[in-house]
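Notes for the one structure printed next.
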2 protein chains.
Amino acid sequence: MKCPYCGEPDTRVLDSRATQDSSAIRRRRQCVSCANRFTTMEKIEEEPLVVIKRDGRRELFDHGKILKGLLLAGQKRNIPLSRWEELVGELELELRSSYVKEVPADSIGDIILKKLRKIDEVAYVRFASVFRQFPDVEAFKAELDEILKETGEEGQEPG
Amino acid sequence: MKCPYCGEPDTRVLDSRATQDSSAIRRRRQCVSCANRFTTMEKIEEEPLVVIKRDGRRELFDHGKILKGLLLAGQKRNIPLSRWEELVGELELELRSSYVKEVPADSIGDIILKKLRKIDEVAYVRFASVFRQFPDVEAFKAELDEILKETGEEGQEPG
DNA sequence: TCTTTACACACAATATATTGTGGTTTATAA
DNA sequence: TTATAAACCACAATATATTGTGTGTAAAGA
């Protein structure tokens, strides 16, 4: 590992610790030549995860894009950014473990909705209104009624 | 290091190799639980390198910004992208090894010009015309004359 | 098509990173 | 102001990653 100060490739590890969620390893290194110290991170080199859109076109799975959608749905709902990032993390893990390489966009939407519902119902409805592309106010209202009907059974998985 | 497929934190290294320029280490890992394999990269966690602009304001050193400037200066000069990336890499190494944490923008410009001149004189002049903010055509021409005068003594450092 | 380059895979010997423990400092939150 | 969390530091015992060597394959360029 090349030293960022002098460019020599010979450096030694002084300390190495996994990050809290074990998604990366932080190492403290020291250059054998100039004795300067620096920090490195070992992270997963993303294997491409392809999303199949409704029109059949493919594109790469994009953290940021999904996060943006969640942030929009969660406006003024006072939910920390970290909660959304966590959700996206769970989502990706779920996708990678269940599917192989390509995932229909609708499956992603369904997973998000399932998770979102347990976090915030307002955000859930907002997200659904975009994702399901409700054709009119009636369809929107129907979804709301559905939720209100089930609100009593908190924490229950709907059949 | 958490497995991206099943989420278990216990994974083993199968193979590890430095990249060509030794700026990173690629590891091939295998999950102890699900036996899936994946690739990781250990890279330097950038320590912030601050640029002091002419007006005194500070901002973070930005690879991309400099690369863009070089690309612009090198338009139609048929120089591979990799050459510019290499230049930016050398620049950053130089900055980190000579200065401490903060570098005047002008020093950066000077280093770039010095390197640029050895690569392509047209790109050099274009870059200089922006960086030195030549006030008029005369100043521009003076710089060109300067270069033409020294063109014979190839590879020589100007006094 | 042929060549080159990059990545994946396997194996064995040895050097080196890891891990726990514990202390310090710094920044952020309460 | 006082907690709390991260990052940094040190040390020692041991497990684990590294390295060379070599094969195969797929992608990219000539």
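We name chains A, B, ... by the order of the sequence lines, and we start the count at 1 in each one.
Annotated stems with DNA chain D as a participant read C:1-22 with D:9-30, C:24-30 with D:1-7, given as range with range, by first number; only runs of 3 or more Watson-Crick or G-U pairs under 3.5 Å qualify.
Within the model, atoms CE of B:Met41 and CD of A:Glu45 stand 5.0 Å from one another, a figure rounded to the nearest 0.5 Å. Between the OG atom of B:Ser22 and the CZ atom of B:Arg17 there is a distance of 13.0 Å, given to the nearest 0.5 Å. Summarising the geometry, atom NZ belonging to A:Lys43 is positioned 8.0 Å from atom OG belonging to A:Ser23; distances are rounded to the nearest 0.5 Å. Taking CH2 from A:Trp84 and CD1 from A:Ile112, the interatomic distance works out to 10.5 Å, rounded to the nearest 0.5 Å. From B:Arg83, atom CZ reaches atom CG of B:Leu70 across 10.0 Å, with rounding to the nearest 0.5 Å.
Taking the ring axis of A:Tyr124 as reference, the NZ or CZ atom of A:Arg117 stays within 45° of it and closer than 6.0 Å to the ring centre.
Side-chain contact check for A:Thr40 and B:Glu42: at least one donor-acceptor pair (N or O, by modelled atom type) lies under 3.5 Å.
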Identify each atom pair where a protein N or O and an N or O of nucleotides 5-9 of chain D are less than 3.5 Å apart, giving names and distance.
| from | atom 1 | to | atom 2 | distance (Å) |
| --- | --- | --- | --- | --- |
| D:dA7 | OP2 | A:Arg26 | NH1 | 2.6 |
| D:dA7 | OP2 | A:Arg26 | NH2 | 3.3 |
| D:dC9 | OP2 | A:Arg28 | NE | 2.8 |
| D:dC9 | OP2 | A:Arg37 | NH1 | 3.4 |
| D:dC9 | O5' | A:Arg37 | NH1 | 3.2 |

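In 5' to 3' order, the nucleotides of DNA chain C bounding all contacts with chain A (an atom under 4.0 Å from a heavy atom) are C:dT16 to C:dT21.
Looking at every heavy atom in both residues, B:Lys115 comes nearest to B:Glu90 through NZ-OE1, 3.0 Å.
Put simply, A:Leu116 and A:Val122 are part of two different groups of oily side chains (I, L, V, M, F, W, Y) that touch within less than 4.5 Å, one to the next.
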Open item on the list: Would A:Arg29 and A:Met1 count as a side-chain contact (heavy atoms from CB on, under 4.5 Å) here? Give the steps.
Closed with: CA-CA 9 Å; A:Arg29 287 182 175 268; A:Met1 169 69 69; 3.8 Å; yes
